[in-house]
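Single-structure report; data block below.
Ligands are counted one by one from 1 in listed order, and the atoms in each one are counted from 1 as well.
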Amino acid sequence: MTDSQAQGSAQTTVEHFDVIVVGAGMVGTAFACLLARSNPQMQIALLEAHKNAAFDPQQFDPRVAALTEKSRAVLECCGAWQSIAAQRISAYGAMQVWDAEGTGEIHFDCQDVHQPNLGHIVENSLVVESLLAAVDTLDNIDFLCPVNVISYQRSEAEVSLELDSGAKLTAPLLVAADGGNSAIRQQFDFATREWDYGHSAIVTTVKTEGVHQQTAWQRFMPTGPLALLPLNKDGDHHYCSLVWSQQSDEAERLMALDDTQFCAELSRASEHCIGKIISTDKRFAIPLRQRHATDYVTERVALLGDAAHTIHPLAGQGVNLGFADVSALVGVLSAEARRDNDLGSLLTLNKYQRLRKPENLAVMAAMEGFKRLFAADNIALRLLRNVGLGKVNNLRPLKNKIIRQVMGLS
Ligand SMILES: Cc1cc2nc3c(=O)[nH]c(=O)nc-3n(C[C@H](O)[C@H](O)[C@H](O)COP(=O)(O)OP(=O)(O)OC[C@H]3O[C@@H](n4cnc5c(N)ncnc54)[C@H](O)[C@@H]3O)c2cc1C
């Protein structure tokens, strides 16, 4: 797979691959892994700029994701779920959602849809670590990390990347899984529709007075939603991951509080749903931005995961949509490879876009509507959401449909 090209007096190594993936976050690593396992004949390069923060069994990663059953199944097909489950997961069986301004509330329970749980809370660093361990067992993936791409060139038949090491990589298809600020998306002039929420999410791990009852708690306030996601520390159910979305100036104020003041404010804001907040780990504030690429594909390049779409974390859907992208693109490429078709042609890549864009758009639009409804101060909308939540809570078939959708089962 390696050629040497004479370039003046210097030698440049050129390596050819079937697919080059840039970005070894949860989405890019899962994609490389699943593609390689499904197509042992393919040679794949996976490039990452930074080493993954090692999973620490003594401490919780402040970045977690609530994974649906569909996403869990993707990780299982990657050969990573067994390792994640053996180290630390927290299955949650219920979700309690309520409105700070009124009396509206809704309770989802896995028993209503005859499932063992609604999903799992997992730590991002553990997911990536387990996926990379799975990558390590595959001969047809070259994992390059840390690496910097200096330039991207596209010709009719391939994309070529020049690395800071001097090496050059080529492939008929480049997959950009390089996150929300994707440099590849900009490099290849993908148009996006984006806006700043004017919100930041404060994330950390907190210890609670009561046990979380394996329930995901979410309170909607006019300033943004607050979620306490249940964690599992060797069977101790007093820890939750906090995702508290706030208008940026309010987030700044909360970040400036000392731990005792912050815990007191959070206890009040969560209405003591799990008792007092006793302690907090280090807090991080993440600015939130909604972004959606108008197209996910162009000749020889496909966007995947957050590179294609970033969504407000209130619904906990971002990486779940990313894993659905992974399944779709692997399915399309595997079918095209069997027919010996060009993996990077627009004809091939459009099949992936057709599978994913409508669903991602629908979820993003629903989340945006939900966010606006709950942020509204208008009395009619407040009434609507309170009456609406109560009605949905009492309408079992509709409620079960929503649960199955949230779980990624329909
Ligand atoms: C507060 C918060 C809570 C969330 N909670 C949930 C949840 O409960 N459920 C859920 O489904 N989603 C959730 N999300 C969304 C989820 O975190 C993202 O959708 C997910 O992390 C995106 O993964 P990704 O692999 O596409 O991108 P990223 O995680 O951003 O990974 C991109 C990777 O590419 C690498 N990279 C970037 N540029 C280059 C380059 N030039 N060369 C090489 N490598 C490069 C980066 O180093 C990184 O490793 C949440 C998000 C936030 C902010």
Side-chain angles (χ1 to χ4, degrees), residues 20-32 45-53 61-68 70-72 74-75 90 92 95 118-125 127-128 131-132 143-152 161 163-164 169 174-187 197 199-204 216 218 224-230 241-246 251 283-291 303-326 360 363-364 367 406 408:
I20 298 171
V21 186
V22 175
M26 292 191 277
V27 172
T29 314
F31 171 74
L46 174 62
L47 277 56
E48 170 57 49
H50 307 289
K51 284 205 164 128
N52 178 47
D61 183 346
R63 297 286 310 262
V64 306
L67 294 187
T68 61
K70 248 192 198 166
S71 296
R72 192 206 61 75
V74 169
L75 291 169
S90 175
Y92 64 103
M95 245 173 108
L118 291 179
H120 293 88
I121 311 296
V122 295
E123 290 155 79
N124 293 10
S125 57
V127 174
V128 175
L131 282 166
L132 287 175
F143 177 48
L144 307 178
C145 174
V147 77
N148 273 316
V149 182
I150 293 175
S151 72
Y152 297 90
L161 278 59
L163 308 185
D164 56 355
L169 313 183
L174 169 65
V175 172
D178 51 347
N181 293 321
S182 171
I184 297 177
R185 191 182 61 226
Q186 288 157 34
Q187 171 78 29
Y197 283 119
H199 271 204
S200 292
I202 299 177
V203 296
T204 187
Q218 191 158 33
L226 180 166
L228 287 165
L229 306 173
S241 178
L242 170 73
V243 183
W244 192 357
S245 305
Q246 280 286 354
R283 290 162 259 153
F284 298 87
I286 304 174
L288 299 178
R289 204 172 169 76
Q290 166 115 311
R291 198 184 278 112
L303 306 179
L304 202 64
D306 272 25
H309 43 76
T310 49
I311 176 172
H312 197 285
L314 80 88
Q317 285 301 316
V319 80
N320 288 307
L321 297 181
F323 286 140
D325 295 349
V326 166
N360 289 339
V363 172
M364 291 175 89
M367 286 313 115
V406 168

*Pick from Asn320, Val127, Leu321: which one makes a side chain to side chain contact (heavy atoms under 4.5 Å, CB included) with Ser71?*
Asn320
*Could you tell me whether a side-chain N or O of Ser90 sits under 3.5 Å from a main-chain N or O of Pro230, the two making a donor and an acceptor?*
yes
_Point-to-point distance, once rounded to the nearest 0.5 Å, from CG of Asn360 to CG of Asp325_ = 5.0 Å
*Check step by step if side chain to side chain contact (heavy atoms under 4.5 Å, CB included) holds for Gln290 and Thr310.*
CA-CA 5 Å; Gln290 166 115 311; Thr310 49; 5.6 Å; no
*Atom-level proximity to ligand 1, residues with heavy atom under 4.0 Å*: Val22, Gly23, Gly25, Met26, Val27, Leu47, Glu48, Ala49, His50, Arg63, Val64, Ala65, Ala66, Ala177, Asp178, Gly179, Ala201, Val203, Val243, Gly305, Asp306, Pro313, Gly316, Gln317, Gly318, Val319, Asn320
*Are the side chain of Arg185 and the backbone of Asp178 linked by a donor-acceptor contact shorter than 3.5 Å?*
no
*Flag, side chain of Asn52 to backbone of Val128, donor-acceptor distance under 3.5 Å*: no
